[in-house]
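Each chain gets a letter, A, B and so on, in the order the sequences are listed, and its residues count up from 1.
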Amino acid sequence: MLDIKLIRENAAMIRARLSKRGGDYGLDALLSLDAQRLRLIQKTEQLKQSRNELSANIGEKKKSGENSDIEQAKSREIGGEIKALDESLKKTGEEIESMLLSIPNIPHESTPDGEDEAANREVLKWGEIPKFSFAPKSHVELGESLGILDFGRAAKIAGARFSLAKGPAAEMERALINFMLEIQTKEHGYTEVAPPFMVNTSAMTGSGQLPKFADDLFKIENSDYWLIPTAEVPVTNILSGELLDLSDLPISYAAYTPCFRAEAGSYGKDTIGLIRQHQFSKVELVKFTAPEDGERQLERILKDAEEILRRLNLPYRVVTLCSGDLGFSAAKTYDIEVWVPSQNKYREISSCSWFTDYQARRINLRFRRDKKSRPQFVHTLNGSGLAVGRTMVAVMENYQLENGSIEIPKALRPYMGGLDAIV
RNA sequence: GGAGGGAUGGCCGAGCGGUUUAAGGCGGCGGUCUUGAAAACCGUUGAGCGCUUGCGUUCCGCAGGUUCGAAUCCUGCUCCCUCCGCCA
């Protein structure tokens, strides 16, 4: 959520920067409602002052036994006016709130301009793209011929976009989760958290998934619970409503959770395999920082996520998303894309974003710089560290041998009981 | 699922229709004292919003209601705790 005061006082600047996302977002309507709201506040507060004075007066008269019928009648009359004004004030406030919730974050100045993913800017490439002396198979072919991935039976028990991992594949998923968490917690200083996999509407609204993106989510019937699409949702909301000290920051959390996505509107995309599933595992990194530290911490998260791919020796590149491709709540985002041999291209495996104070304002998470200063909003950030399903795709395909077996990356072997290959 | 208890400022906790401007304590900050510190003592210390920056207004879990006036009374809801039942 953007600050209404910022919009009020810098309308032209906000309009210009939001236009880079390709939208107008109804700023004019918002500003006129805001002006109306300010007028209502002034009127109602003036009336409340009169009523408070009258009430104090009545109190004194009652105490001394005087008659206060005139004051009471006057106060009753004012009360009626206040009630009417408060009602329209509340209505106006709710309209403003819902308009604000539908306006995305302002792109950071270092976010490149552009309409869509074609304008994303490559930042770096790492690793050697493997040269196979044979036609590399997809992870689906490899997994099915090795008998370790079973999409047919997954469809039988759940449906399309689900998978069933068996034996070494199931073990590899568990190993990757542990491998990632170990590095992020033991080496990069994140505190591991194990949050709920379902959250309420308020938490979904706080991190920005609701109200606009309900179609992407799974809702539990007859309850206020939603399945989380990413650990970002429960973890970002851990500190909602709290007032921190500067010395508490930065706070870094790492969490493994399954993620559930409806994938509405992606029919026909990545219909087979592990790339796009209704349920997948992910290790997520979340940081809370002071504003001046936000940009630096985004670079940290990116490096922390990249480190997993480096240890696994998987080729990847990093791109900065352009304004038109940026997520709703983000001001700046780096995507990490891993090499997928069967598709002969890089595919997203991590997304690292800086939300400035946009999420913090929604969840009302503030900090106090020192004893004398007023509370201000923290900055929130997060990044995948990494998406486990897609990491499995990358490992299986990049480490395949001509006979259809898969070598286990050296760094992962200790997490798989020393296993060096799946044959 | 049944019965009971509770939710008040950074934290603990009193208040149950009108000097609540929310007592008191802890913690924080400033000062006295001290070579310095501690202790002691004194003072001070919530958030949001509006505008004529000093005033006003709102906020005691959330939402309604009663009243001239609500932290306080009434209704509904949410969450937490205790006991019973069920249960991994």
Peer 1: Which one, B:rC49, B:rG69, B:rU58, comes nearest to the side chain of A:K5?
Peer 2: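 Of the candidates, B:rC49 comes closest.
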
Peer 1: Check the distance between B:rA47's P and A:F377's CZ and give it to me in whole angstrom.
Peer 2: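 It is 13 Å, rounded to the nearest whole Å.
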
Peer 1: With heavy atoms under 4.0 Å as the rule, sort A:R8 into base, sugar-phosphate or nothing.
Peer 2: sugar-phosphate

Peer 1: Measure distances between side-chain N and O atoms of A:E45 and base N and O atoms of B:rG56, and say whether any donor-acceptor pair falls under 3.5 Å.
Peer 2: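 Indeed, a donor on one side and an acceptor on the other fall under 3.5 Å apart.
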
Peer 1: How many whole angstroms separate atom CD1 of A:I58 from atom P of B:rG17?
Peer 2: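 Checked: the CD1 to P distance equals 19 Å.
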
Peer 1: Could you tell me how far B:rC87 sits from B:rC79 if I compare only their C1' atoms? Round to whole Å.
Peer 2: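 About 23 Å, rounded to a whole number of Å.
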
Peer 1: With a non-hydrogen cut-off below 4.0 angstrom, is A:I41 in contact with a base, only sugar-phosphate, or nothing?
Peer 2: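 Result for A:I41 = sugar-phosphate.
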
Peer 1: Without decimals, in angstroms, what is the distance between A:Q49 CD and B:rC49 C1'?
Peer 2: 15 Å

Peer 1: Choose from B:rG46, B:rC49, B:rG69 the nucleotide whose nearest atom is closest to any side-chain atom of A:R37.
Peer 2: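 Minimum distance to the A:R37 side chain belongs to B:rC49.
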
Peer 1: Okay, side chain of A:D86, backbone of A:T44: is any donor-acceptor separation there less than 3.5 Å?
Peer 2: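 No, A:D86 side chain to A:T44 backbone: no donor-acceptor pair under 3.5 Å.
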
Peer 1: Who is the Watson-Crick or G-U wobble partner of B:rG17, with both distances under 3.5 Å?
Peer 2: none

Peer 1: Quick one: label A:N52 by what it contacts on the DNA or RNA (base, sugar-phosphate, nothing), any heavy atom closer than 4.0 Å.
Peer 2: sugar-phosphate

Peer 1: In whole angstrom, give the distance that lies between atom CZ of A:R51 and atom C1' of B:rU67.
Peer 2: 10 Å

Peer 1: Please report, rounded to the nearest Å, how far the P atom of B:rG18 is from the CG atom of A:N57.
Peer 2: 17 Å

Peer 1: Please measure how far the P atom in B:rG27 lies from the corresponding atom in B:rC11, and state the result in whole Å.
Peer 2: 16 Å

Peer 1: Taking a pair as Watson-Crick or G-U wobble with both distances under 3.5 Å, which nucleotide is matched to B:rG4?
Peer 2: B:rC81

Peer 1: Please state the C1' separation for the pair B:rG9 and B:rG25 - nearest whole angstrom.
Peer 2: 13 Å

Peer 1: When you match A:L243 and A:A73 each to their closest nucleotide on RNA chain B, which lands nearer the 5' end?
Peer 2: A:L243

Peer 1: Between B:rC26 and B:rG46, how far apart are the C1' atoms? Round to whole Å, please.
Peer 2: 16 Å

Peer 1: Could you check which nucleotide pairs with B:rU53 in any of the strands shown, counting Watson-Crick or G-U wobble with both distances under 3.5 Å?
Peer 2: none

Peer 1: So, A:R310 and A:Y316: side-chain donor and acceptor under 3.5 Å apart, yes or no?
Peer 2: yes

Peer 1: Taking the nucleotide of RNA chain B with the nearest heavy atom to each, does A:Q72 or A:E87 sit closer to the 5' end?
Peer 2: A:E87

Peer 1: Just by distance, no angles: are the side chains of A:T289 and A:Q297 close enough, under 3.5 Å, to form a donor-acceptor pair?
Peer 2: no

Peer 1: If pairing requires Watson-Crick or G-U wobble contacts with both distances under 3.5 Å, which nucleotide is the partner of B:rG24?
Peer 2: B:rC12

Peer 1: Among B:rU58, B:rA47, B:rG18, which nucleotide has an atom closest to any side-chain atom of A:R366?
Peer 2: B:rA47

Peer 1: Hey, are A:R390 and A:E337 close enough for a salt bridge, meaning a charged N less than 4.0 Å from a carboxylate O?
Peer 2: no

Peer 1: How far does the C1' atom of B:rU72 sit from the matching atom of B:rU66, given to the nearest Å?
Peer 2: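 Comparing C1' positions in B:rU72 and B:rU66 gives a spacing of 13 Å.
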
Peer 1: Calculate the interatomic distance between A:E71 atom CD and B:rU67 atom C1'; express it in whole Å.
Peer 2: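 The answer, rounded to whole Å, is 16 Å.
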
Peer 1: Mind checking the P distance from B:rU19 to B:rU35? Whole angstroms is fine.
Peer 2: 49 Å

Peer 1: How far, in whole Å, is B:rG64 from B:rC12 if one measures between their P atoms?
Peer 2: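 The answer is 27 Å between these two P atoms.
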
Peer 1: Decide, yes or no, whether a salt bridge links A:E87 with A:K83 under the criterion of side-chain N to carboxylate O below 4.0 Å.
Peer 2: no

Peer 1: Taking the side chain of A:P375 as its heavy atoms from C-beta onward, which of B:rG10, B:rG48, B:rC49 lies nearest to it?
Peer 2: B:rG48

Peer 1: Compute whether any side-chain donor of one residue and acceptor of the other, for A:T356 and A:N105, lie under 3.5 angstrom apart.
Peer 2: yes

Peer 1: Just how far, in rounded Å, is P of B:rG17 from CD of A:E60?
Peer 2: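 Spelled out: CD on A:E60 to P on B:rG17 is 20 Å.
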
Peer 1: How far does the C1' atom of B:rC55 sit from the matching atom of B:rC33, given to the nearest Å?
Peer 2: 39 Å

Peer 1: Rounded to the Å, how far apart are A:L85 CG and B:rU58 P?
Peer 2: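 For the pair A:L85 CG and B:rU58 P, the rounded distance is 14 Å.
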
Peer 1: Please determine whether a side-chain nitrogen of the Lys or Arg among A:R296 and A:D293 lies less than 4.0 Å from a carboxylate oxygen of the Asp or Glu.
Peer 2: yes

Peer 1: Are A:K90 and B:rG64 close enough that a side-chain N or O sits under 4.0 Å from OP1 or OP2?
Peer 2: yes

Peer 1: Which nucleotide, in any strand shown, forms a Watson-Crick or G-U wobble pair with B:rA71, with both distances under 3.5 Å?
Peer 2: none

Peer 1: State which of B:rA47, B:rG65, B:rG50 makes the closest approach to the side chain of A:Q42.
Peer 2: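 Per side-chain heavy atoms of A:Q42, the pick is B:rG50.
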
